[in-house]
Amino acid sequence: MTLRGDAEVDVLIVGGGPVGLTARALLERWRVRTLLVEKHGELSPFPRSRLVNTRSMEIFRRLGLAGRIAARAFPPEFGRIRFRDTLHGDDFATAAMAGINAPVPESPELGVVTSQDRLEPTLLAAADAETRFGDELVDLTEEADSVVASLVDHGRGARTRVRARYVLAADGANSTVRERLGIATTGPGALAEVTTVVFDADLKAWCADRPAGF
């Protein structure tokens, strides 16, 4: 394993999902020097996280992104959750997603029905700060006035050390940062193992008259 040159930044962002990418855009706007590292080699291809709520859209409005995000979102009539035994069965329960069809009176923005595969490219393009896909944080050492992170580049087999004033943990439920800092979790742990399958299909014949985001 080769050693790449060390780097020094104000904030190291660990995780390239919506939270990390939004933080990157905000910090760049405030002229804070950042580096974002994401252990996966690209943005998520999966349509996860179907709702962007009103508060998030307010943040995106300040970044000048709300219009672009809304333009790539699904129509507002998909802002409903429906519970059925089968795809073409009757709803045994249904609920509207908050802030989609009915505005929140205190906000200038509406929430939108979208997903990570539609949202993340817009957030990535919103800033120029360095982003390293395929770089995984493997160790973290806290010093008197900084934090030193050890990264592994899985593509090139290289190691890097990054010194930062702060580390922002945006690396999800199984956070490596949390683990390295010894921050425990409570609860029963893993509840199940699941497989995600993504496919395209025309479902209008079964649900065109009752659209839903979930």
Side-chain angles (χ1 to χ4, degrees), residues 15-26 38-127 133 169-175 185-214:
V19 173
L21 292 169
T22 300
R24 169 178 170 266
L26 288 167
E38 165 57 50
K39 67 181 179 180
H40 295 104
E42 60 183 3
L43 295 175
S44 173
F46 299 110
R48 299 181 294 183
S49 189
R50 186 51 54 88
L51 171 66
V52 176
N53 64 27
T54 302
R55 177 59 186 138
S56 295
M57 288 299 287
E58 291 174 348
I59 295 170
F60 296 144
R61 175 190 178 100
R62 291 182 64 88
L63 287 168
L65 302 176
R68 274 176 273 173
I69 291 170
R72 297 198 66 186
F74 297 100
E77 56 263 30
F78 286 89
R80 179 165 287 278
I81 304 169
R82 299 184 184 277
F83 299 87
R84 302 174 181 174
D85 289 320
T86 65
L87 181 65
H88 62 281
D90 293 329
D91 298 342
F92 60 81
T94 182
M97 297 181 188
I100 302 295
N101 281 318
V104 177
E106 296 80 8
S107 178
E109 283 294 331
L110 285 170
V112 296
V113 185
T114 190
S115 49
Q116 282 187 225
D117 57 326
R118 293 179 177 228
L119 173 65
E120 288 179 352
T122 301
L123 297 179
L124 180 63
F133 288 100
D171 49 345
N174 297 312
S175 170
T185 58
T186 59
L191 299 178
E193 293 185 1
V194 300
T195 299
T196 298
V197 178
V198 179
F199 66 94
D200 292 317
D202 185 353
L203 305 178
K204 295 187 183 70
W206 294 276
C207 53
D209 58 334
R210 292 177 295 171
F214 285 100

* Asked: Out of curiosity, Ile59 CD1 to Glu109 CD, how far, rounded to the nearest 0.5 Å?
  -> 11.5 Å

* To do: Apply side chain to side chain contact (heavy atoms under 4.5 Å, CB included) to Phe92 and Asp90, showing your working.
  => CA-CA 6 Å; Phe92 60 81; Asp90 293 329; over 6 Å; no

* Structure fact -> Output for pair (Arg68 CZ, Leu123 CG), nearest 0.5 Å, gives 10.0 Å

* To do: Test Leu51 against Ile100 for side chain to side chain contact (heavy atoms under 4.5 Å, CB included), laying out the working first.
  => CA-CA 9 Å; Leu51 171 66; Ile100 302 295; 3.4 Å; yes

* Asked: For Leu119 and Phe60, which heavy atoms make the closest approach, and how far apart are they?
  -> CD1-CE1, 4.2 Å

* Asp91 backbone acceptor or donor facing Arg82 side chain under 3.5 Å -> no

* Asked: Ser107 and Glu58: side-chain donor and acceptor closer than 3.5 Å?
  -> yes

* **Phe214 versus Arg50, closest heavy-atom pair with distance** => CZ-CB, 3.0 Å

* Side-chain heavy atoms of Met57 within contact of Val112, under 4.5 Å -> yes

* Asked: Going through the checks in order, is the side chain to side chain contact (heavy atoms under 4.5 Å, CB included) test met by Arg210 and Arg84?
  -> CA-CA 12 Å; Arg210 292 177 295 171; Arg84 302 174 181 174; 3.4 Å; yes

* Looking at side-chain heavy atoms only, is the closest gap between Leu21 and Thr122 below 4.5 Å? -> no

* Are more than 12 heavy atoms from other residues, nucleotides or ligands located less than 6.0 Å from atom CG of Asp200? -> no

* Asked: CG/Leu203 to NE2/His88 distance, rounded to the nearest 0.5 angstrom?
  -> 12.5 Å

* Work out which heavy atom in Gly79 is nearest to a heavy atom in Val113; give both atom names and the distance. => CA-CG2, 3.5 Å

* Between Arg24 and Leu124, is there a donor-acceptor pair closer than 3.5 Å when you use the side chain of the first and the backbone of the second? -> yes

* To do: Given side chain to side chain contact (heavy atoms under 4.5 Å, CB included), test Ser115 with Phe46 step by step and report yes or no.
  => CA-CA 8 Å; Ser115 49; Phe46 299 110; over 6 Å; no

* Determine yes or no for a side-chain-to-main-chain donor-acceptor pair under 3.5 angstrom, with Arg48 supplying the side chain and Ser44 the backbone. => no

* Asked: Is there a donor-acceptor pair under 3.5 Å between the side chain of Thr22 and the backbone N or O of Pro18?
  -> yes

* Over all atoms of both residues, closest heavy-atom pair of Asp117 and Pro47 -> OD1-CA, 3.4 Å

* To do: Would you check if there is a donor-acceptor pair between the side chains of Arg80 and Thr94 at a distance under 3.5 Å?
  => yes

* **Smallest separation among heavy atoms of Ser49 and Gln116, with atom names** => CB-OE1, 3.8 Å

* **Exercise: identify the closest heavy-atom pair between Arg118 and Arg72** => NH1-O, 2.9 Å

* Out of curiosity, His40 NE2 to Phe133 CZ, how far, rounded to the nearest 0.5 Å? -> 11.0 Å

* Asked: When rounded to the nearest 0.5 angstrom, what is the spacing between CG in Asn53 and CE in Met97?
  -> 11.5 Å

